[in-house]
Amino acid sequence: MSDPLLFSLLKAPVGRIAMSAPVHCRVRVRPWVGRAAALLAGLGALSGTAQAQITDDSTKVRYGAHTTFILREADVFRGDTLGRMVDTTLTRLPQSRYWTYDSTYQQNLGNFGTASRRLLWTPNTQLGARLGRNVFDQYVRDAATIPYYDTRSPYTFFRFFQGNPFEQVFELSYARSIKKAFNVGFAYERFGANKYLADVSGNQAGQMEHSNFLLFVRYQSPDDRYHALANFSTARHRVVEQGGVRPLASDTLDGGRGQVDLSKLFDYEDEEVYLTNAVNRDDRDRVRLAHTYRLLGRGLTVFHIFDWSRQLNKYTDDRLNLVQGVSEFYPNVLLSQATTDDRAEFRQLENTVGVMGNSNTVEYRLYGRQRAYSLITRANYGQPAVLREALPERADNQFFVGGTAAFRYRQFAIETAGEILPTLNIKDSEYWLRAGTRLGPLSGEVLSTSYSPTLTEREVKGNHYRWRQSADSAGVYGYLHNFRNTQVQQLRVRLSRQLGRHYLELVGTVANINNLIYFDEAGLPQQRGEAQQLATLMTRYRVNVGHFYWDTQATYTAGGEDENTRAADKGGIRVPRLVGDSRLYYQGYVFRKALLTQIGVQGYFQSRWKAYDYSPSTQQFFLQDHFTIRNTPLVDVFLSGDIKTVGVFLKMAYVNQFLPQSGYFTTPYYVGMPRRFQFGIRWQFFN
């Protein structure tokens with residue numbers, strides 16, 4: 001949650017935690033992809049055989065994971081130019097939530113690649129202008145955290161996953177050093193998902209496809225005084241929106257006049273859905289350059305960050321199915337009864353300049369950042385529909401000031417950090433301030449922040465929703481609000497301890513949230529009039545007895561509105577009281593220690609709650625009172641193996657389907673994926 005410029009002494013830095021893959025890429029479900037993957041694997045095997053014929057044992061030992069290091073921008077700004085070895089472990093390989101760039105627990109629309117939001121509460125520390133359309137962030141790289149490499153030999157990474165017949169992931173990246181100081185590489189990803197709802201044709205029609213290309217370069221001067229990290233990425237994400245299962249008269253308890261019998265909505269491909277030709281597109285492009293120059297050793301370094309980004313959200317539906325001008329799914333049809341085409345394009349350019357220094361005991365950083373942004377909103381009007389500007393262009397410049405200071409000595413560390421966006425009216429100024437300390441296994445952190453509404457929360461005008469934060473437009477919009485900044489005060493205490501074969505981690509958090517902005521039952525933004533308090537306790541326990549391993553984690557939240565709270569009463573944050581997962585597996589070598597294997601079972605659980613509903617045209621999750629998600633556990637069984645540079649897994653996901661019911665919901669009337677077989681391969685080449 002910290003600004004990319006920050007470092008932290010209280011937790012592992014970005015890139016220091018073992019990751020299942022250095023760079024991610026994915027692919028849509030198509031037969032040629034499987035054949036291409038098999039061909040690539042075969043060529044790799046032949047290449048490896050040929051290499052083995054012309055190299056001796058010393059060459060084989062010389063190149064490998066121990067000669068390939070990952071560096072990230074945060075490492076370089078911390079003064080670490082060595083990095084750490086690439087990850088070759090098996091632990092995260094078969095876990096689906098690590099296939100994307102945000103591995104936190106998520107609420108989604110059931111299928112892989114659909115809109116999602118973080119399930120548990122996390123505070124916001126992004127200040128100033130923000131578009132506020134983040135439901136596809138999970139699938140997009142963050143340019144500030146991508147991996148760069150230091151390789152003694154060319155490094156190639158390949159991964160292919162298949163969740164038959166629905167989800168598919170393809171990843172390929174390549175990096176190599178040119179002399180000692182220069183490293184360049186690229187990554188390509190393509191992934192996809194097929195429909196499992198309302199696919200009566202049985203042709204496995206595509207629901208989601210995503211492609212991304214990344215080019216990255218790292219340079220280090222021979223005298224080690226200048227460092228530069230640059231990357232360019234372009235992402236294209238397309239999702240067919242279905243609007244959830246549409247209950248029929250036969251799905252109700254009394255012939256169409258009463259409550260829906262949810263147990264009758266798990267016929268998957270035979271079900272009907274609300275939307276049959278709606279599509280959401282999220283296109284993003286980004287260029288980032290971060291470079292540093294040492295003036296006086298490690299004590300004084302100047303740095304500059306250039307960051308340009310573009311995000312285009314486009315929602316279309318040319319099959320509105322109106323009856324006397326009224327839609328069964330949308331609350332309103334405001335601009336065109338022929339077709340919906342709502343677009344929002346956000347551009348942002350940032351330049352950050354500052355100084356920093358670090359030693360074995362002290363680190364500091366001071367910076368200023370200038371941001372220029374613009375937002376263009378377009379929509380279809382009339383019949384036949386004509387695309388034109390829906391709102392005047394919004395553009396502005398903002399200036400931020402921030403810094404950090406930290407001290408550490410042996411097992412003791414203390415850090416302070418903050419950033420402010422000053423305004424003429426001091427009450428509207430935005431800021432975040434953080435202070436933390438660590439003493440051995442115990443650490444604590446205090447956070448205070450104040451941030452403005454997003455641009456989407458301020459103003460929207462489309463075919464199905466419109467609102468504006470302005471008191472002089474009542475005749476035009478009819479729905480007004482005057483939002484204040486949201487304030488958050490949070491205290492977090494963490495204890496982690498390794499005791500022999502036992503590992504225990506406890507994290508307690510208390511948060512007070514004022515002026516929270518949320519979306520109500522009508523899908524409109526509202527501001528909570530009273531403060532909301534949240535208290536969470538996360539516990540993790542890991543132990544091994546011989547070759548058996550057990551790893552379990554659970555988070556309990558008090559203060560999040562539960563299934564008995566009505567949105568109309570006060571609104572606010574909703575979180576399941578209990579969320580957790582657990583893994584029990586056997587790990588050991590077979591075939592004379594040539595193959596490391598894991599075989600086991602893993603499960604996920606969340607308690608009953610009234611989950612957020614979803615509006616595809618505005619890409620927002622909103623409160624609802626008519627639907628309660630049951631506490632159905634999800635159980636998977638898996639088998640993983642690792643031989644030298646190759647990792648593979650086989651998994652049966654949702655093996656407990658029909659126990660006790662034939663399906664589950666992730667969002668109101670959005671059904672989770674049924675039982676399916678998953679397999680995957682990860683292959684790393686070091687020469």
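Residues: numbered from 1 along the sequence shown.
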(message) Which residues pass the side chain to side chain contact (heavy atoms under 4.5 Å, CB included) test with R492, not counting sequence neighbours?
(response) Q490, V507, T509
(message) What's the separation between atom CG in L421 and atom OG in S429, rounded to the nearest 0.5 Å?
(response) 7.0 Å
(message) More than 12 heavy atoms of other residues, nucleotides or ligands under 6.0 Å from CZ of R225: yes or no?
(response) yes
(request) Look at E363 together with R408 and state whether they make a salt bridge at an N to O cut-off of under 4.0 Å. (result) yes
(message) Run the side-chain contact (heavy atoms from CB on, under 4.5 Å) test on V217 and F182 for me, step by step, so that the C-alpha distance in whole Å, both residues' side-chain angles and the decisive distance to 0.1 Å come before the verdict.
(response) CA-CA 8 Å; V217 178; F182 191 75; 3.5 Å; yes
(message) If only side-chain N and O atoms count, and only distance matters, is there a donor-acceptor pair under 3.5 Å linking N512 with Q489?
(response) yes
(request) Using a 4.5 Å cut-off on heavy atoms from C-beta on, say whether the side chain of E419 contacts that of Y367. (result) yes
(message) Using the rule given for side-chain hydrogen bond (donor to acceptor under 3.5 Å, both in side chains), can you reason through N358 versus R298, listing the C-alpha separation, both sets of side-chain angles and the distance that settles it, and then say yes or no?
(response) CA-CA 6 Å; N358 60 78; R298 297 180 60 183; 2.4 Å; yes
(request) Pick out which of R371, R347, R288 makes a salt bridge (charged side-chain N to carboxylate O under 4.0 Å, His left out) with D307. (result) R288
(request) Establish, for the pair R458 and F483, whether the NZ or CZ atom is under 6.0 angstrom from the six-membered ring centre and no further than 45 degrees off its axis. (result) no
(message) Quick check: do Q684 and Y155 have side-chain heavy atoms less than 4.5 Å from each other?
(response) yes
(request) Please determine which of R130, R284, R117 meets the salt bridge (charged side-chain N to carboxylate O under 4.0 Å, His left out) test together with D137. (result) R284
(request) Using the test side chain to side chain contact (heavy atoms under 4.5 Å, CB included), find all partners of Q106 that sit at least two apart in sequence or belong to another chain. (result) D102, T104, S116, R118, Q138
(message) Please verify the inter-ring angle class for Y614 with F621; under 30° counts as parallel, over 60° as perpendicular, anything in between as tilted.
(response) tilted
(request) Before giving the answer on side-chain hydrogen bond (donor to acceptor under 3.5 Å, both in side chains), spell out for T536 and T557 the whole-Å C-alpha distance, their side-chain angles and the decisive distance to 0.1 Å. (result) CA-CA 4 Å; T536 65; T557 302; 5.5 Å; no
(request) Can you establish whether the number of heavy atoms outside D223 located under 6.0 Å from its atom CG is more than 12? (result) yes
(message) Within the structure provided, determine whether F638 and R583 are in side-chain contact (heavy-atom separation under 4.5 Å).
(response) yes
(message) Checking side-chain polar atoms at under 3.5 Å, does Y105 have a donor or acceptor matched by the opposite partner on D581?
(response) yes
(message) Side chains of N231 and Y148 only: does a donor on one sit below 3.5 Å from an acceptor on the other?
(response) yes
(message) Do N183 and S177 pair up side chain to side chain, a donor and an acceptor below 3.5 Å, judged on atom types alone?
(response) yes
(message) When you compare the side chain of L131 with that of T456, does any pair of heavy atoms fall below 4.5 Å?
(response) yes
(message) When you compare the side chain of R286 with that of V140, does any pair of heavy atoms fall below 4.5 Å?
(response) no
(message) For the CG atom of L229 and the CZ atom of F216, what is their distance to the nearest 0.5 Å?
(response) 11.5 Å
(message) So, using side chain to side chain contact (heavy atoms under 4.5 Å, CB included) as the criterion, who are the partners of L634 when residues are at least two apart?
(response) Y604, Y654, Y664
(message) If you define the side chain from C-beta out and look only at heavy atoms, does anything of F399 sit under 4.5 Å from P422?
(response) no
(request) Have a look at T151 and tell me which of T68, I70, V86 forms a side-chain contact (heavy atoms from CB on, under 4.5 Å) with it. (result) T68
(request) State, without any angle test, whether N397 and Q370 hold a side-chain donor-acceptor pair at a distance under 3.5 Å. (result) yes
(request) Answer yes or no: is there an ion pair linking R72 with D75, defined by an N-O contact shorter than 4.0 Å? (result) no
(message) Under a plain distance cut-off of 3.5 Å, with no hydrogens placed, do Y585 and Q602 share a side-chain donor-acceptor pair?
(response) no
(request) Answer whether the closest heavy-atom distance between the side chains of L119 and W609 falls below 4.5 Å. (result) yes
(request) Measure the CZ-CD distance between R218 and E73 for me, rounded to the nearest 0.5 Å. (result) 13.5 Å
